[in-house]
Amino acid sequence: MASSTGEASNDKEVGSDLRKKREDFEFGKILGEGSYSTVLLATDKVSKKLYAMKILSKHHIVKEKKVPYVKREKDVLVKINHPFFVKLFFTFQDKENLYYGLSLAEKGEILDYIRRVGSFDEHGSQFYSAEIILALEYLHSLDIIHRDLKPENILLNNEMHIQITDFGTAKILEDGEERANSFVGTAEYVSPELLQSKVAYKSSDIWALGCILYQLLSGRPPFHAPNEYLCFQKITKLEYMFPDGFPDHAKDLISKILILAPDKRIGCEQMGGYQPLKTHKFYTGIDWAKLPETQPPQILPYLPAKSKDDQALTSDYNIMNDRPLSDDFDERFLSAFGLGDPDNPLKSSSSASITSNRETKLERQAKESPWHQFVNNELIVKSGLVDKRKGLFSKRRQLILTDAPRLYYVDPVAMELKGEIPWNHRMHVELKNWRIFFVHTPDRTYYLDDPTGHSQQWVNTITEWIERARSS
Ligand code: ATP
């Protein structure tokens, strides 16, 4: 696999390299910041190779009593030499800092991609979870448990292959040891044995894999709650559900992973090791041996179709916040302003009339519209209920387009402003079918479902306002 850091180094290169020093590198942008470190893009001035340079402040580490954490991370990194893990090429130090020269994962965290598209389609989820499986198989063969596997710790390199990182809480098992004591991990991916007995096994990483696969496909981890306590309760009671549209083979696999007893999970040593996991139906077609050289699939959202007639996209997913439709208010409201022609909201109110009557309309809007409080005294040009979809989950929201132009969304039950689709001159709107339309912004695509089936109107109106904003 090609890498911007060139050839993989051998282990002899790793270790405190007295020859290297800060001045040998040109430092670029910040790639990320951890609790005890800053990671910078660094170019070796001579070889021109790129690295992710992790810089840890000695004073900070000692003050925060994180010496064992830092030591453990290095011990593990030194042992690892596999394409699906971040690689440590060298370390050095000066009076203030420790420096770790790591392979560069240019594309950042897989979590950002899940957020950007909502959730991955089956092929993408299959591919990326397969890479995680190969990585875990390797890690466990070295008797190392990661203990904090989660999408934030799965980085992507320039070729979009995974680079697992963050070994600060990893555990190297001693001879014959099968478990690690002490509590570590992240609430949503933590295994029940860690919560109940404060022990971690290799299969605790497999539990996290199950949570990640669920999240890849649905957009959310399976045990999701407003706070850690409730999340832990759900985990120990194995309380999770599959949203509508979740693929059957993945369901079967995840229910064989998310099992309370660590020795009953598919993939664990007691259940025959990795083979049964790798040969599960969900992984049909995966060429395990060639995975590191396989071109990763394009990351596409998972938007399962409802029926054969519905070729593009449908709304066949679970509406978590379902409630009866009561969107007629908006049409009444908009008609009262001459804005309410459902086929063409702008037809009955040309831009000239909007401008000339703006003040009057605003006054009336302030008195009569429940949405006025959310829009910074801008005139509402279109508003209606939509299901804002993220992965297989969605939330009902009042989408409000104003003449700023801005696109707000409000929780219509709590009557709370939830956010805004950031208006950008590069954004565009795409119609998928009579209900579904996309608002593409540079950072994210918003998947919206108009339950009244008038997505075309949204597309027309938003497009018109994009064009107006561009030409003004
Ligand atoms: P903490 O230790 O506090 O949990 P962390 O493990 O995320 O934080 P770091 O390993 O210091 O902290 O990484 C900080 C951030 O830097 C990461 O979240 C990631 O976005 C970025 N980063 C880390 N390693 C690399 C790398 N090899 N290539 C590109 N970016 C990286």
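Residue indices begin at 1 and follow the sequence shown. Indexing begins at 1, ligand by ligand and atom by atom, following the structure's order. All figures in this text were calculated on a predicted structure; none of them were measured in a lab.
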Original post:
In chain order, what residues pass the salt bridge (charged side-chain N to carboxylate O under 4.0 Å, His left out) check against R406, with sequence neighbours excluded?
Top reply: E378, E420

**OP:** Applying salt bridge (charged side-chain N to carboxylate O under 4.0 Å, His left out), name anything that partners D143, two or more places apart in sequence or on another chain.
**Re:** K202

Subject >> Evaluation steps, side-chain hydrogen bond (donor to acceptor under 3.5 Å, both in side chains), between Y447 and D387 >> reply: CA-CA 8 Å; Y447 301 88; D387 290 318; over 6 Å; no

**OP:** Mind checking side chain to side chain contact (heavy atoms under 4.5 Å, CB included) for E416 and listing every partner two or more places apart, or none if nothing turns up?
**Re:** D411, A414, K418

Which protein N or O atoms sit under 3.5 Å from any N or O of ligand 1? Give atom names and distances.
from     : atom 1 : to   : atom 2 : distance (Å)
ligand 1 : 2 (O)  : Y69  : OH     : 2.4
ligand 1 : 3 (O)  : S35  : N      : 2.6
ligand 1 : 3 (O)  : S35  : OG     : 2.3
ligand 1 : 6 (O)  : D166 : OD1    : 3.4
ligand 1 : 6 (O)  : D166 : OD2    : 3.1
ligand 1 : 10 (O) : K54  : NZ     : 2.7
ligand 1 : 11 (O) : S37  : OG     : 2.3
ligand 1 : 11 (O) : K54  : NZ     : 3.2
ligand 1 : 18 (O) : E109 : OE2    : 3.0
ligand 1 : 20 (O) : E109 : OE2    : 3.3
ligand 1 : 27 (N) : S103 : O      : 2.8
ligand 1 : 28 (N) : A105 : N      : 2.9

Original post:
Taking atom CD of E152 and atom CD1 of I114, what is their separation to the nearest 0.5 Å?
Top reply: 9.0 Å

Original post:
Do F437 and V429 have side chains that get closer than 4.5 Å, going by heavy atoms?
Top reply: yes

